[in-house]
Amino acid sequence: MTAQLIDGNALARQIRADVSGRTAALQARGIQPTLAIVLVGDDPASQVYVKHKVNDSSETGLVANLERHPAGMSEAALLARIHALNDDPAVHGILVQLPLPKHMDSHKVIEAISPAKDVDGFHVASAGALMVGQPGFWPCTPHGCLKMLDSIGYELRGKHAVVIGRSNIVGKPMAMMLLGRSATVTICHSATADLGAITRQADVIVAAVGKQNLVTADMVKPGAVVLDVGMNRNAEGKLCGDVDFDAVKEVASWITPVPGGVGPMTRAMLLVNTLEAAERAAG
Ligand code: NAD
């Protein structure tokens with residue numbers, strides 16, 4: 001079997017077109033959906049990520065205000081800035097680019113964001129809302145993965161999904177979303193013994209570890225759907241995921257590539273969350 005590709009770029013394009021239309025509808029009512037992006041310090045990867053977020057936003061009619069602060073900014077000053085953004089009715093979403101400088105407590109900073117503007121979905125209130133099935137903002141990467149499954153019409157009910165990775169921003173929320181769709185969910189992590197014995201039972205595998213070739217063909221049940229969240233550099237410096245793509249695509253029924261899979265969907269879901277924040281504020 002050669003798996004079909006779930007094309008993250010194409011799906012993200014559709015989502016951006018939908019965001020553009022809904023943004024225009026809000027603008028017609030005099031509301032400009034606006035995202036505040038807060039960058040502290042000069043981490044090179046963060047510079048690239050925020051540039052993408054600003055460009056994606058402007059392409060869809062959203063306004064993204066990028067504010068850069070020096071690495072030496074005090075935590076108190078950053079908290080004061082977030083409180084000001086919380087109180088600003090013209091700002092609908094607030095994103096603090098991580099990682100923050102070491103002298104700052106990231107958890108405390110994220111918790112300072114109003115849950116109504118938490119478009120990254122990292123606030124404890126957002127995690128809690130997902131857990132209990134209440135409206136809130138879902139983290140962009142797992143939400144994008146769920147959209148990819150929806151795009152192929154995949155029925156999760158009664159299926160076994162195996163999530164590899166238990167981070168707060170990908171693995172855990174991914175598991176909650178799959179559970180919400182009535183899948184049976186197993187979460188694996190670095191202490192999981194005999195990972196392959198578990199993944200071989202999976203109808204859906206979500207790999208979110210950050211380790212090249214973690215998922216090999218012998219670990220995949222024929223016909224399984226494989227979503228690759230990992231972002232790694234191979235020996236030639238090329239971007240690759242956690243899945244041995246060339247071999248696994250011969251076993252899986254559907255697979256996401258890296259690049260061009262989950263990454264563009266993550267970016268698209270941030271736009272969706274920002275737009276939804278503006279729509280909710282507009283009533
Ligand atoms: P993280 O780095 O905080 O944690 C990795 C997780 O993997 C942990 O839960 C750990 O227990 C688990 N793990 C580590 N080694 C393992 C092993 N050998 N077997 C099983 N589990 C193991 O996680 P993160 O922030 O969720 O990032 C994971 C990967 O996803 C990284 O490569 C990151 O770059 C990528 N990522 C991609 C996107 C995207 O948009 N494509 C977004 C976020 C993260």
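Note that ligands are numbered from 1 as they come in the structure, with each ligand's atoms numbered from 1 the same way.
- Using a distance-only test at 3.5 Å, with no hydrogens or angles considered, no donor-acceptor pair links the side chain of Gln47 to the main chain of Leu39.
- Results of the side-chain hydrogen bond (donor to acceptor under 3.5 Å, both in side chains) test with Asp18 over Arg16, Arg22, Gln14 single out Arg22 as the only residue that passes.
- Screening Asp228, Val226, Val225 against Ile255 for a side-chain contact (heavy atoms from CB on, under 4.5 Å) leaves a single residue, Val226.
- Applying the 6.0 Å contact sphere to NZ of Lys53 captures more than 12 heavy atoms from other residues, nucleotides or ligands.
- For the atom pair SG (Cys140) and CE (Met265), the distance works out to 10.5 Å, reported to the nearest 0.5 Å.
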Within the protein, flag every N or O under 3.5 Å from an N or O of ligand 1, and note the pair and distance.
{"from": "ligand 1", "atom 1": "9 (O)", "to": "Arg166", "atom 2": "N", "distance (Å)": "2.5"}
{"from": "ligand 1", "atom 1": "11 (O)", "to": "Ser190", "atom 2": "N", "distance (Å)": "3.3"}
{"from": "ligand 1", "atom 1": "21 (N)", "to": "Ser190", "atom 2": "N", "distance (Å)": "3.3"}
{"from": "ligand 1", "atom 1": "26 (O)", "to": "Ser167", "atom 2": "OG", "distance (Å)": "2.6"}
{"from": "ligand 1", "atom 1": "32 (O)", "to": "Met231", "atom 2": "N", "distance (Å)": "3.0"}
{"from": "ligand 1", "atom 1": "32 (O)", "to": "Met231", "atom 2": "O", "distance (Å)": "3.4"}
{"from": "ligand 1", "atom 1": "40 (O)", "to": "Thr266", "atom 2": "OG1", "distance (Å)": "2.8"}
{"from": "ligand 1", "atom 1": "41 (N)", "to": "Val229", "atom 2": "O", "distance (Å)": "3.4"}

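- In this structure, Asp42 places its CG atom where only 12 or fewer heavy-atom neighbours from other residues, nucleotides or ligands lie under 6.0 Å away.
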